[in-house]
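Keep in mind that this is a model prediction, so the values were computed, not measured. Counting convention: from 1, in listed order, for ligands and their atoms alike.
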Amino acid sequence: MTSQIRASERRDGVAGFAQRLRTDTDVAHRETEQSRFVSALLDGKLSSDGYAELLAQSYLVYAKLEEAGRIHADDALVAPFLSEELLRVPSLEADLRFLRGPEWRASVRPLPATERYLARLDEVAFDWPPGFVAHHYIRYLGDLSGGQIIRRMLERAYGYKTDGLRFYIFEGIPKPKPFKDSYRAKLDTAPLSEHDQQRVIDEVNVAYRLNGQLFADLEADMDRYFVE
Ligand code: HEM
């Protein structure tokens, strides 16, 4: 974590919404980060099929999230956050085709935690724009942050260059930092009441738990993915 004072840190010392969102979900982020599945993956200990399983579950989540995004295309709160360059479904499709072959779709089955994640998206991301923003933030800002570290570690551990790693490569966003700064500025000026800001924070904490449970499900099945 950087100790830099962010744009969202206002002059009067009161934290802006982006800063508050980050701080008030930091504990949940740390808990999610500590996944044995992710550690084994980043240490190069899992097979490419183990990695593909993470992408397969992610594919189901992003397909639902990006479907919800299309519904909100004209919504005043959501529209500023939507950006073609962020969309991950085409990259996930390409990675899964590369890793599992042309019949990859038949191999994609939701784990129980993914079912719960998808059910939550159905519940809050389609009819409630702040709920969509919460789920948009946690995935895409995460992919542009820790995701970029993961990308370099996967590159090193498995030798992937572009194929298999497209999920982590944002071709339209060559520099994540200014993009993330601008995203945080949008969070700061988003038309959200105090009450709704708190509900977004709560929903991001729920979403971290859902991501943690997804890692736990992958972890439960991890033995079959170890390479000798
Ligand atoms: C091994 C796993 C992970 C690592 C190493 C990691 C690492 C990081 C780091 C270093 C940052 C700060 C980047 C910056 O200052 O710009 C960050 C931010 C973030 N990460 Fe993670 N992360 C991991 C997993 C996750 C997961 C699973 C999620 C959610 C699904 C997630 C969501 C986020 C979000 C939303 C931010 C942005 C916080 C903000 O500035 O508002 N991360 N991550």
Side-chain angles (χ1 to χ4, degrees), residues 1-9 15-46 50-51 53-55 57-62 64-66 81 86 88 92 111 113-114 116-118 120-121 125 131-158 165 167-168 170 173 175-190 192 197 200-219 222:
M1 289 286 164
T2 149
S3 57
Q4 277 173 343
I5 295 175
R6 300 200 169 277
S8 58
E9 197 77 46
F17 177 50
Q19 181 62 38
R20 211 152 67 80
L21 180 54
R22 177 186 217 173
T23 311
D24 291 0
T25 59
D26 192 37
V27 171
H29 177 266
R30 276 175 221 215
E31 282 167 9
T32 313
E33 234 181 283
Q34 287 154 13
S35 143
R36 277 207 313 126
F37 181 87
V38 176
S39 302
L41 178 70
L42 300 184
D43 285 346
K45 291 185 181 148
L46 300 189
Y51 169 49
E53 192 52 37
L54 170 64
L55 294 181
Q57 300 306 314
S58 306
Y59 168 76
L60 294 166
V61 170
Y62 282 85
K64 177 77 76 185
L65 182 64
E66 292 176 7
F81 294 99
L86 287 175
R88 294 294 87 199
L92 285 162
L111 290 167
T114 307
R116 290 197 294 277
Y117 201 149
L118 299 178
R120 184 71 187 180
L121 287 171
F132 175 82
V133 169
H135 284 275
H136 189 272
Y137 157 82
I138 191 176
R139 290 297 347 176
Y140 298 112
L141 223 60
D143 298 336
L144 287 166
S145 304
Q148 298 308 299
I149 304 170
I150 293 172
R151 168 186 170 181
R152 283 189 287 280
M153 292 180 80
L154 287 171
E155 221 167 7
R156 204 174 314 141
Y158 299 93
L165 269 191
F167 171 64
Y168 296 99
F170 290 83
I173 308 175
K175 290 193 169 145
K177 168 104 177 51
F179 188 96
K180 288 195 295 179
D181 287 346
S182 139
Y183 193 102
R184 290 189 181 106
K186 287 176 199 171
L187 284 171
D188 283 344
T189 53
L192 284 165
Q197 286 187 354
V200 170
I201 291 171
D202 293 345
E203 187 59 29
V204 171
N205 278 316
V206 168
Y208 271 118
R209 279 203 295 284
L210 290 167
N211 279 280
Q213 289 168 12
L214 179 43
F215 286 143
D217 272 10
L218 287 163
E219 203 170 297
M222 196 163 88

Checklist entry - At what distance, to the nearest 0.5 angstrom, does NE2 of H135 lie from CG of L121? => result 5.0 Å
Item to check | Heavy-atom pair of closest approach, residues E66 and L86 | outcome: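 The pair with the smallest heavy-atom distance is OE2-O, 4.3 Å.
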Item to check | Taking every non-hydrogen atom, the tightest pair across Y117 and N211 | outcome: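 Here Y117 and N211 meet closest at OH-ND2, 3.0 Å.
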Suppose I only count heavy atoms of [X] and a 4.0 Å limit; which atoms of ligand 1 are within that range?
X: I149; result: 10 (C)
X: F215; result: 27 (C)
X: G146; result: 6 (C), 7 (C), 8 (C), 17 (C), 22 (N), 43 (N)
X: N211; result: 30 (C)
X: R184; result: 16 (O), 39 (C), 40 (O)

Checklist entry - What part of V38 sits under 4.0 Å from ligand 1 if we count only heavy atoms: the side chain, the backbone, both or neither? => result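 Only the side chain of V38 comes within reach of ligand 1.
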Next on the checklist: Residue-level breakdown please: for V204 versus ligand 1, do any non-hydrogen atoms fall below 4.0 Å on the side chain, on the backbone, on both, or on neither?
Outcome noted: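 Looking at V204 and ligand 1, no heavy atom falls under 4.0 Å.
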Next on the checklist: Looking at D24 and N205, would you say the former's side chain and the latter's main chain have a donor-acceptor pair under 3.5 Å?
Outcome noted: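 Here the side-chain-to-backbone pair does not exist.
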Checklist entry - Counting distance only, does the side-chain N/O of Y158 pair as donor-acceptor with the main-chain N or O of L46 below 3.5 Å? => result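 Yes, Y158 side chain to L46 backbone: donor-acceptor pair under 3.5 Å.
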Next on the checklist: Between ligand 1 and Y208, can you find any atom pair, the residue atom being a heavy atom, that is separated by under 4.0 Å?
Outcome noted: yes
Checklist entry - Of all the heavy atoms in L21, does at least one lie under 4.0 Å from an atom in ligand 1? => result no
I want to know if ligand 1 touches [X] in the polar sense, i.e. an N/O pair below 3.5 angstrom.
X: Y137; answer: yes
X: R139; answer: no
X: T32; answer: no

Checklist entry - Are R88 and F170 in a cation-pi contact, defined as NZ or CZ under 6.0 Å from the six-membered ring centre and within 45° of the axis? => result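 Yes, R88 and F170 form such a contact.
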Next on the checklist: Counting C-beta onward and ignoring hydrogens, is there a side-chain heavy-atom pair between T189 and F17 closer than 4.5 Å?
Outcome noted: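 Result no, sub-4.5 Å side-chain heavy-atom pair not found.
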Checklist entry - Does Y140 have any ring-ring contact (aromatic ring centres under 6.0 Å, His included) partners at least two apart in sequence or in another chain, and if so, which? => result Y62, H136
I want to confirm something. Looking only at heavy atoms, which of [options] is nearest to [atom]?
atom: atom 33 (C) of ligand 1; options: A207, G142, A28; answer: G142
atom: atom 4 (C) of ligand 1; options: E33, Q148, H136, Q19; answer: E33
atom: atom 12 (C) of ligand 1; options: K180, R22, H29, R20; answer: R22

Checklist entry - Between D26 and R22, is there a side-chain N and carboxylate O pair less than 4.0 Å apart? => result no
Checklist entry - Are any of the side-chain nitrogens in D188 or R184 under 4.0 Å away from the carboxylate oxygens of its partner? => result no
